[in-house]
Structures are given as structure tokens and as C-alpha cells.
Amino acid sequence: YICAQPTKTYTISPTSTRTALVSPTQTIYPAQTQTLTTTPAPVLVVINKRAEGNLGETEIIYTISVKNDPLKNVYNINLWDTLPPQLEYENFISGPEPRVEGQYIFWDWGGGIINPGEVVTVSFRARIRNPMPDMIVANTAAGDYNDDYYSLVRHPIVFSNQVFYPDGRT
């Protein structure tokens, strides 16, 4: 709304002047109030990673499993692993064939669904580039997906446990 209000301005001289004061104001009358929830929907998947190999050898076999919560379906699953610089990807063993670009490995289940309680697994081989005594390589994987709550955008990234080779700790 624009409101015009006449005011009187007095000066030191004996002359009186009328000045219109235009004051634009905006009044908003909300018809609906929307409250944003900052708590994301619960994570429905668990990503578990294992590293196996023979001590003293340079080959590591990584197995990554994605387990769905027993309550709802998840779909459009993506999984990725960025290998540390000490490793070099060799080949995939099981699961969908990944897209590999340097140290980055990416799996896409092509929009498929993981039913409640179901587990999907990928395995691949990596090689230690320059093995050194007492060397430990740490690595994690990550993924995202869609579910009933996150149907238009991807669920926030879910990370696996961190694995250490050859130590075997997780």
C-alpha cells in the first residue's frame, strides 16, 4: 500500500509550507505458513565395506554391500569409491560393471529397487602401487538413493565404515 499523509513543515522564516509525505509500505498477509523441518528422513540403507587379501601381496579384494532397512523400498541406488593414491583399480568381480575414471569407481543399479531387508553386493580388485613395510591403506565407500521421502531429489550421502588393509580393522 502507498500512504500519502500531509504534514506541516515549519521553517525559521514566517512562511508556512505544506508538504505531502509519501511513504511506501508493504503489508503481507500470509494465507499459509510453511514450516521447514531440518531433520532429514532416516537413513534406510547401511553400506558395509570389507578388505581382504594375503599379507605381503599387493592385491586387495574389496567387497561393498548395501543393505536396505526392513521397512521400505529404496531405488535408483548409486555407489562410489574413490581409491586412495596408493591403490590402482584392476577389475570388477561381481555386481554391475562399474564406470572407472582414474581413482573413482561408480556403480549404478539402473533405477532398480532394493526390497526391504535385501542386500546387494559389489566386489572388485585393487593393487597397491608401491608397497612399503608396515603400510596401511584406509578406504571408505559412499552412496545415495531415492525412497518415499526423497523421491524428487537424492537422499543425502551415506558412508560406509572405514576399512584398513592389511590390518583388517573396520
Side-chain angles (χ1 to χ4, degrees), residues 30 32-170:
Q32 180 180 9
T33 303
Q34 185 176 13
T35 303
L36 298 176
T37 304
T38 58
T39 306
V43 174
L44 297 179
V45 300
V46 174
I47 301 175
N48 187 41
K49 186 167 186 177
R50 289 190 328 259
E52 300 173 296
N54 294 321
L55 190 61
E57 293 188 11
T58 61
E59 182 181 89
I60 304 172
I61 297 176
Y62 284 110
T63 303
I64 307 168
S65 62
V66 180
K67 181 180 182 190
N68 187 9
D69 179 274
L71 301 176
K72 297 183 178 188
N73 291 333
V74 297
Y75 56 96
N76 291 335
I77 301 96
N78 290 331
L79 184 67
W80 58 90
D81 190 336
T82 302
L83 295 177
Q86 302 94 327
L87 298 180
E88 179 178 22
Y89 175 83
E90 284 196 336
N91 64 332
F92 84 100
I93 299 169
S94 66
E97 187 168 358
R99 185 177 79 223
V100 180
E101 294 178 15
Q103 299 300 98
Y104 182 74
I105 308 164
F106 180 81
W107 294 268
D108 182 353
W109 270 266
I113 293 175
I114 300 179
N115 297 311
E118 186 178 359
V119 178
V120 295
T121 304
V122 298
S123 293
F124 67 94
R125 284 183 186 86
R127 183 182 58 77
I128 301 173
R129 292 177 195 269
N130 297 309
M132 301 165 83
D134 300 324
M135 177 182 202
I136 294 178
V137 179
N139 195 5
T140 59
D144 63 8
Y145 59 91
N146 291 111
D147 58 24
D148 291 344
Y149 185 78
Y150 289 96
S151 58
L152 299 177
V153 296
R154 313 277 307 161
H155 189 282
I157 296 171
V158 179
F159 292 93
S160 74
N161 55 307
Q162 187 172 32
V163 295
F164 300 88
Y165 180 84
D167 194 15
R169 293 179 293 167
T170 58

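At least one donor-acceptor pair closer than 3.5 Å links the side chain of Gln103 to the backbone N or O of Leu83. At least one donor-acceptor pair closer than 3.5 Å links the side chain of Asn161 to the backbone N or O of Lys49. The main-chain N or O of Asn146 is never found under 3.5 Å from a side-chain atom of Arg154 such that the two would form a donor-acceptor pair. One N or O on the side chain of Ser160 and one on the backbone of Ala141 form a donor-acceptor pair closer than 3.5 Å. Proximity of a side-chain donor or acceptor of Asn68 to a complementary backbone N or O of Ile114 within less than 3.5 Å is detected.
Atom-to-atom distance recorded for Ile93:CD1 and Thr63:OG1 is 6.5 Å, nearest 0.5 angstrom. Considering CG of Asn130 and CE of Met132, their distance stands at 8.0 Å, rounded to 0.5 Å.
Side-chain contact between Tyr104 and Pro98 is absent, with no heavy-atom pair separated by less than 4.5 Å. For the pair Val120/Trp109, a side-chain contact is recorded, criterion being any heavy-atom separation below 4.5 Å from C-beta on. Side-chain contact between Tyr165 and Ile128: present, with at least one pair of heavy atoms (C-beta onward) separated by less than 4.5 Å. You'll find the side chain of Val66 reaches within 4.5 Å of the side chain of Leu79, heavy atoms only. Between Asn139 and Tyr62 there is a side-chain heavy-atom pair separated by less than 4.5 Å. Val43 places a side-chain heavy atom less than 4.5 Å from the side chain of Tyr145. The side-chain heavy atoms of Ile64 and Ile47, taken from C-beta on, include a pair separated by under 4.5 Å.
The aromatic rings of His155 and Tyr150 lie perpendicular to each other, with more than 60° between the two planes, well past the 30° mark.
The shortest heavy-atom contact between Pro166 and Ile136 is CD-CA, 4.2 Å. Val100 and Ile105 make their closest contact through CG2-CG2, 4.2 Å (heavy atoms, listed as atom of the first residue, atom of the second, distance). Between Ile60 and Ala51, the shortest heavy-atom distance links the atoms CG2-CB, 4.1 Å.
Residue Asn91 places its CG atom among more than 12 non-hydrogen atoms of other residues, nucleotides or ligands, all under 6.0 Å distant.
Looking at Glu59 and Arg125, a side-chain N of the basic residue comes within less than 4.0 Å of a carboxylate O on the acidic one, giving a salt bridge. Taking the charged nitrogens against the carboxylate oxygens, Arg99 and Asp108 have no contact shorter than 4.0 Å, which rules out a salt bridge.
If you run ring-ring contact (aromatic ring centres under 6.0 Å, His included) between Phe124 and each of Phe92, Phe106, Trp107, only Trp107 comes through. Under the side chain to side chain contact (heavy atoms under 4.5 Å, CB included) test applied with Pro116, the options Asp69, Leu44, Asn73, Leu71 reduce to a single match, Asn73.
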